[in-house]
Amino acid sequence: MASARVFVARMAGLAVFGPDGERIGKVRDVVVSLRVDSHPPRVLGLVVDLSARRSIFVPMLRVADIAPTAVTLASGSVNLRSFDQRPNETLVLGELLNSSATVRETAAEGSVVDVAIEPTRTRDWAVTKVALRFRRTRLARRPRVEVHGWEAVSGLDVAAAQGADRLLSVFDTMRPADVAAALSRLPDERQHQVVDALDDERLADVFEELSESDQRELLAYLDDDRAADVLEAMSPDDAADLLGELDDAEAGRLLELMEPGESEPVRRLLRYEWDTAGGLMTPEPITLGPDATVAEALARVRNPEVPPALASMVFVVRPPTATPTGRYLGCVHAQQLLRAAPFELVAGMVDAELPQLGPSAGLGEVTRYFASYNLVAGPVVDTEDHLLGAVTVDDVLDHLLPQGWRDRDLAPGEVPAGPVRGDGRSAAPAAANGEVHDA
């Protein structure tokens, strides 16, 4: 593949040839996936018009060469189903050209007349340059055109260039932490549009990844009833952390609006200082009675709603098994369960020698505990041997990092546009698979 920079406007109408030299069609457009930050978008592929008045999508991995007069495809398969644009995709010629953008350094606003794409070290292609046309001045005979790096201009990311529906479609393909990072960079009006559109469960996942300041601002935007619903959907430890940031009157009002079964574990966590094991723990670890089998334990571990760190260990207790439990007997590591027969009882596998954390253990003690025993989760037990909850390593890291770390900009590439499918397009809602033929 030639490493030269290619301007997309010059590709329009170029003939497309297969590896054997047969003409397939001509280039109609280039498909890119705009990001929710200022980093260069990834080029997904080409829209190629076939002679049969039909357009297909050709992934960039199938493009062997882009020359001034033609595009040549590499050997391989190409889906001949008609091109169907997905919500997270943008057409450069059809949608990006003629849109407005602003040069960050000078605040000068112009319209996009072309963009340049280049191959990267990983064989992907990315949009690297933007050509902007500015209004003609009295002293200039014609409008001036300037070429800037993608990061040097604003207004072309998903948040600015697309409507709220398109933005939400992109968010659907992203992890909650990445959605939270993108949401924090949006203007208030667009933030509120996103918050209104997300369901309570998804919004709760995003809230758990927001900084304290963003949490307070968005919680204040919600009416009390929905704020209580979102708190109910959050993990009790995250909900307690958020309520701990509010004044007592506001926190008490929201706790009263929550269902009693959801608010009780949160109230228990609020009794502890935020930097102790009691304040860090989740009151909903995996707990089993001693007569449970390995098969039952693995079924609990496989629950997709249980975070990976919490699924690394199950805790064996005397009834009742709801926290605070009956007498704590010990823990069983997930690796032990994988090596055991399904019919074996967890009581015979209990690690009773692993030290426990007390609810008043400070952050330093908890950190040393995890480092000493190479754990990602640990039991929190009171003086009467009742299991109160479990601390996970992600909660410890969250409190060890500098205050406001979530507000800092991530390095390039740290906010993915979504999981990538085999055809080079993001895993957004896709059309049914079509017939596949060799190019």
Side-chain angles (χ1 to χ4, degrees), residues 208 212 215 231-232 234-246 248 251-252 254-255 258-290 300 306-334 346 350-401 403:
E208 292 176 0
E212 291 83 355
Q215 284 181 332
L231 287 167
E232 289 177 358
M234 294 174 66
S235 299
D237 52 329
D238 289 308
D241 287 342
L242 175 52
L243 289 172
E245 295 289 325
L246 308 178
D248 292 343
L254 292 175
L255 283 168
M258 295 171 64
E259 293 293 331
E262 301 290 344
S263 65
E264 177 54 30
V266 178
R267 292 178 188 274
R268 281 195 279 117
L269 291 176
L270 287 171
R271 298 176 190 148
Y272 302 105
E273 294 294 330
W274 65 271
D275 58 349
T276 63
L280 294 170
M281 70 181 180
T282 173
E284 298 176 344
I286 300 176
T287 54
L288 295 167
R300 297 283 299 277
V306 177
L310 208 56
S312 67
M313 185 180 291
V314 300
F315 302 99
V316 183
V317 298
R318 298 285 184 191
T321 57
T323 56
T325 68
R327 182 171 175 267
Y328 174 70
L329 300 178
C331 63
V332 181
H333 303 273
V346 295
V350 166
D351 181 356
E353 302 301 321
L354 180 71
Q356 305 109 39
L357 291 164
S360 60
L363 183 58
E365 182 180 346
V366 175
T367 305
R368 290 191 295 272
Y369 176 86
F370 278 100
S372 298
Y373 300 106
N374 299 318
L375 299 173
V376 293
V380 180
V381 181
D382 66 14
T383 55
E384 298 179 351
D385 285 340
H386 299 141
L387 180 69
L388 303 178
V391 178
T392 56
V393 69
D394 55 309
D395 290 321
V396 177
L397 290 174
D398 195 5
H399 288 78
L400 285 176
L401 289 168
Q403 186 175 7

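Because the structure is predicted, anything quoted here is derived from the model rather than measured.
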Review point. In terms of heavy-atom contacts, does CD of Glu264 have more than 12 from other residues, nucleotides or ligands at under 6.0 Å?
Key: yes
Practice item. Answer yes or no: is there a donor N or O on one side and an acceptor on the other, between the side chain of Thr325 and the main chain of Ala322, under 3.5 Å? Key: no
Angle class for the Trp274/His399 ring planes (parallel below 30°, perpendicular above 60°, tilted otherwise)? parallel
- [ ] For the pair Arg368 (side chain) and Leu363 (backbone), establish whether a donor and an acceptor sit closer than 3.5 Å, ignoring hydrogens and angles.
- [x] no
Do Phe370 and Val396 have side chains that approach each other closer than 4.5 Å (heavy atoms only, starting at C-beta)?
yes
- Side-chain donor or acceptor of Thr276 paired with backbone N/O of Tyr272 under 3.5 Å: no
Q. Counting N and O atoms only, with roles assigned by atom type, does the side chain of Glu273 sit under 3.5 Å from a partner on the main chain of Gly279, one being a donor and the other an acceptor?
A. no
Q.
Tell me if the CZ atom of Arg267 is crowded by more than 12 foreign heavy atoms within 6.0 Å.
A. yes
Worksheet entry | Within-4.5 Å side-chain heavy-atom neighbours: Pro236 and Leu269 | yes
Hey, does Leu242 have a side-chain heavy atom less than 4.5 Å from the side chain of Met234? yes
For Pro319, the side chain to side chain contact (heavy atoms under 4.5 Å, CB included) test, sequence neighbours excluded, returns none
Between Arg327 and the options Asp385, Leu387, Val381, the side chain to side chain contact (heavy atoms under 4.5 Å, CB included) test singles out Asp385
### Message
For a 4.5 angstrom cut-off between non-hydrogen side-chain atoms, does Leu388 reach Pro283?
### Response
no
Checklist entry - Within the side chain of Thr287, is there an N or O that forms a donor-acceptor pair under 3.5 Å with the backbone of Thr321? => result yes
